[in-house]
Amino acid sequence: LQSIRVKFTEVRNPGYDILLEPGFLVKSGGILQKRFPGHTPFIISSPAVYGLYGKTLQKSLKKAGFPEAKRYLLPDGEENKNLGHFCMATAGLSWFSGGQPAKPLVLLLGGGVVGDLGGFVAACFRRGAAMVQIPTTLLAMVDSSVGGKLGVDLHTQRGTVKNLVGAFYQPSLVLVDLSCLRSLPAREVRCGLAEAVKMAVLFDPGLFRRMEQGARDLLALKPALLSDVIRLCAAHKARLVQRDEFDRKGERALLNLGHTFGHGVESASRFRVRHGEAVAFGLACACDLSRLLGLSGPKAGLERVEALLGRLGLATRLSRISPVRVLDAMRQDKKFEGELKFVLPVTLGRSRLVTVRSLSKVQEVLASRLA
Ligand SMILES: NC(=O)c1ccc[n+]([C@@H]2O[C@H](COP(=O)([O-])OP(=O)(O)OC[C@H]3O[C@@H](n4cnc5c(N)ncnc54)[C@H](O)[C@@H]3O)[C@@H](O)[C@H]2O)c1
Ligand SMILES: [Zn+2]
């Protein structure tokens, strides 16, 4: 046997910055020109978000000397995070091929749907174009814009499987402009807060306490606490991503807290339940399952999770969704490998990845929360 080993000495990614400042969008052109000279921007956004912020971004780009950015506008909704739109957005970028000297700089202006699909386009175009995440939903600011997990859902004969096709590809920069949240509908604010609660349950009891005390301020988008929540969540995510970029060491897997149940509910409801709402429901289920399996006792304080979600206007019980269909969808999940794995909280600030072989306890949790 002869063998050849392929060794890598080059660090694949030198890292990137997450810049947070209210009113950033106005200055974005200058920031981008400094970091990406010689590039030509291409915007991927949604009609609604581009309508709100496209002009500001274009104006700022022009002021900094960039040519007017071409764009692809992805219609709203999880159902559009699919390969059809992936192809159309990529076709938009094909302007950069065929002898064009311009280097593309893909700007992802929008929520997690734009970020996931548009980022995947950037990852694949010429095997990787420079890409900047400009998240405009709270959910994208606290979670999806950092970490480089990108992709689309796939419609299969058995239903839609979330994020089945995708890649790991890090952005070159993340620009967070808090003032974009002013136009965000209240329902979307709550969705973002669900992912922030997840992060606090996983890593940060201090942040959890502050969210309990400031729940009203968060819903009212008061900037003091909100900017801390965004900064701390992004920092927690960055820390995990640095240690486990490709989700292989089990550390990054912790971010799936609430997501095994959550993805099940999202799919079973045909995406009527939004991602953040499904995560809130999933967090409550994970606390139940932890108690039922004896991983957490009465002193763990996990009842505070459901109470905080309630204060933030997030439902932890849902109706008109069949528990059987949710369990089915959980088994269709891309991560399902014959047994269900859950991240379960042991106490506030500490969770564990647990393989659950007997489904009866999972069924019990679903039956009680979907009554
Ligand atoms: N890649 C990751 O690590 C990761 C992490 C978490 C979630 N996700 C994915 O993110 C997606 C959910 O993202 P989302 O919750 O941001 O939803 P979304 O992208 O669908 O956006 C929600 C809605 O808000 C609107 N909107 C966005 N910004 C706005 C603004 N500033 N003002 C007014 N309206 C605005 C959009 O037009 C849309 O209708 C899911 O597909 C989920 O799987 C990915
Ligand atoms: Zn999520």
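Order of listing sets the numbers, starting from 1, for every ligand and every atom in it.
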Can you list every side-chain hydrogen bond (donor to acceptor under 3.5 Å, both in side chains) pair that touches residues 308-323, not counting sequence neighbours? E306-T316
In terms of the angle between their ring planes, are F120 and F86 parallel, tilted or perpendicular, with boundaries placed at 30° and 60°? tilted
For the residue pair F342 and F261, does the interplanar ring angle fall in the parallel (under 30°), tilted (30 to 60°) or perpendicular (over 60°) class? tilted
Please output the residues near ligand 1 using a strict heavy-atom distance under 4.0 Å, listed in chain and residue-number order. S46, A48, V49, L52, Y53, D76, E78, K81, G111, G112, V113, D116, T136, T137, L139, D143, S144, K149, K162, C180, S183, L184, P185, E188, E195, K237, R274, H275
In H259, the N, O or S atom nearest to the Zn ion (ligand 2) is which? NE2
Please name the atom of E195, limited to N, O or S, that comes nearest to the Zn ion (ligand 2). OE2
Applying side-chain contact (heavy atoms from CB on, under 4.5 Å) between L173 and each of L107, I31, L105, report the one that passes. I31
Using 4.0 Å as the upper bound for N to carboxylate O, is an ion pair formed by K222 and D217? yes
Check this for me: does any side-chain nitrogen of one of R252 and E245 sit under 4.0 Å from a carboxylate oxygen of the other? no
Under 2.8 Å from the Zn ion (ligand 2), is there an N/O/S atom belonging to D143? no
Side chains of M330 and H263 in contact at under 4.5 Å (non-hydrogen atoms): no
